[in-house]
Novice: 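Structure in structure tokens, see below.
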Amino acid sequence: GEDVEQSLFLSVREGDSSVINCTYTDSSSTYLYWYKQEPGAGLQLLTYIFSNMDMKQDQRLTVLLNKKDKHLSLRIADTQTGDSAIYFCAETSAANRKLIWGLGTSLAVNP
Amino acid sequence: EAGVVQSPRYKIIEKKQPVAFWCNPISGHNTLYWYRQNLGQGPELLIRYENEEAVDDSQLPKDRFSAERLKGVDSTLKIQPAELGDSAVYLCASSLVLESTEAFFGQGTRLTVV
């Protein structure tokens, strides 16, 4: 079945760049997403990328997609303490239109 | 514009008791989702509605869980009777159409079964 994997933890210093990585198995993925979840809060869509793109930039966020390797990354430039949260990678396919989620990467930003 | 509203935010019940969660999606959103999120896990889809029709309830434990979306707007999710393993955060989300690129999530209801 479909699977999405992420590393569980990432720690960076304030002002550095953060790179969160994700791999997926579904070759028919149509959209890939990055969601942010702060403590006690719901999930907030940060950005998404269509599978025929290889890069998308939105202010401090850069998403890179390597479809051949089924690898997705989220780069946060100039990471701030307010970026501390859990980041979920998710994908959906045209086949079943279900969101398949990773376990989330907990980002800790140290002053 | 108001987001997805869920209530209650927190609920503590004893095992074998019933519990219900309520969700008010964003106005005009046809698709509504209920997810369960265990600690340290990603969300797990329980049921997905297109208007008032449940189009995917394959992951809903139907022996104790039920859901309804009367009139295709608000939705309730019920557990009866609750078990210790049901402790989790229950998230509601809505999107404009089923193939929408964005689902908006509520803040969730944190259920603790003791």
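Here is the naming used below: chain letters follow the sequence lines, and residue numbers restart at 1 for every chain.
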Novice: Side chain from CB out, backbone as N, CA, C, O: work out which of these in B:Thr109 comes under 4.5 Å of a heavy atom of chain A, or both, or neither.
Specialist: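 Answer is neither: B:Thr109 stays 4.5 Å or more from chain A.
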Novice: Compare every heavy atom of B:Ala103 with every heavy atom of A:Tyr35, then report the nearest pair and how far apart it is.
Specialist: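 That closest heavy-atom pairing would be OH-O, 3.5 Å.
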Novice: May I ask whether A:Met53 and A:Tyr24 are part of the same hydrophobic cluster, defined by side-chain heavy atoms of I, L, V, M, F, W, Y residues being less than 4.5 angstrom apart, directly or through others?
Specialist: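 Hydrophobic grouping puts A:Met53 with A:Tyr24.
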Novice: Please indicate whether B:Leu39 has more than 12 foreign heavy atoms, meaning atoms of other residues, nucleotides or ligands, lying under 6.0 Å from its CG.
Specialist: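 Atom CG in B:Leu39 is not crowded, with 12 or fewer foreign heavy atoms closer than 6.0 Å.
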Novice: Are B:Phe65 and B:Leu70 linked, directly or through intermediate hydrophobic residues, by side-chain heavy-atom contacts shorter than 4.5 Å (ILVMFWY only)?
Specialist: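 Different clusters.
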Novice: Is it true that atom NZ of A:Lys56 has more than 12 heavy atoms of other residues, nucleotides or ligands lying nearer than 6.0 Å?
Specialist: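 Yes - once you tally the heavy atoms of other residues, nucleotides and ligands closer than 6.0 Å, there are more than 12.
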Novice: If hydrophobic clusters are built by linking Ile, Leu, Val, Met, Phe, Trp and Tyr wherever their side-chain heavy atoms come under 4.5 Å apart, do A:Phe50 and A:Tyr48 end up in the same one?
Specialist: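 Yes.
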Novice: If you tally heavy-atom pairs under 4.5 Å against chain A, which of B:Arg110, B:Arg9, B:Gln107 wins?
Specialist: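 Ranked by contacts with chain A, first place is B:Gln107.
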Novice: Does one hydrophobic cluster hold both B:Tyr35 and A:Leu45, with members joined at side-chain heavy-atom distances below 4.5 Å?
Specialist: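 Per the 4.5 Å side-chain linkage, B:Tyr35 and A:Leu45 are co-clustered.
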Novice: Quick one: does A:Leu99's side chain get under 4.5 Å of B:Tyr33's, heavy atoms only?
Specialist: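 Sidechains of B:Tyr33 and A:Leu99: no contact.
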Novice: Under 4.5 Å between any side-chain heavy atoms of A:Trp101 and B:Gln37, yes or no?
Specialist: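 A side-chain contact under 4.5 Å is absent here.
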Novice: If you count heavy atoms of other groups shown closer than 6.0 angstrom to NZ of B:Lys62, is the number above 12?
Specialist: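 Counting other residues, nucleotides and ligands, NZ of B:Lys62 exceeds 12 neighbours.
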Novice: Does B:Tyr49 share a hydrophobic cluster with B:Trp22, counting links as ILVMFWY side-chain heavy atoms below 4.5 Å and allowing steps through other members?
Specialist: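 Different clusters.
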Novice: Is the shortest side-chain heavy-atom distance between B:Leu91 and A:Leu43 below 4.5 Å?
Specialist: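 A side-chain contact under 4.5 Å exists here.
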Novice: Can you check whether anything in residues 10-18 of chain A gets within less than 4.5 Å of chain B, heavy-atom wise, and list it by number?
Specialist: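 Under the 4.5 Å heavy-atom cut-off, nothing qualifies.
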Novice: Tell me, side chain or backbone of A:Gln6 under 4.5 Å from chain B's heavy atoms, or both, or neither?
Specialist: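 Interface part for A:Gln6: neither.
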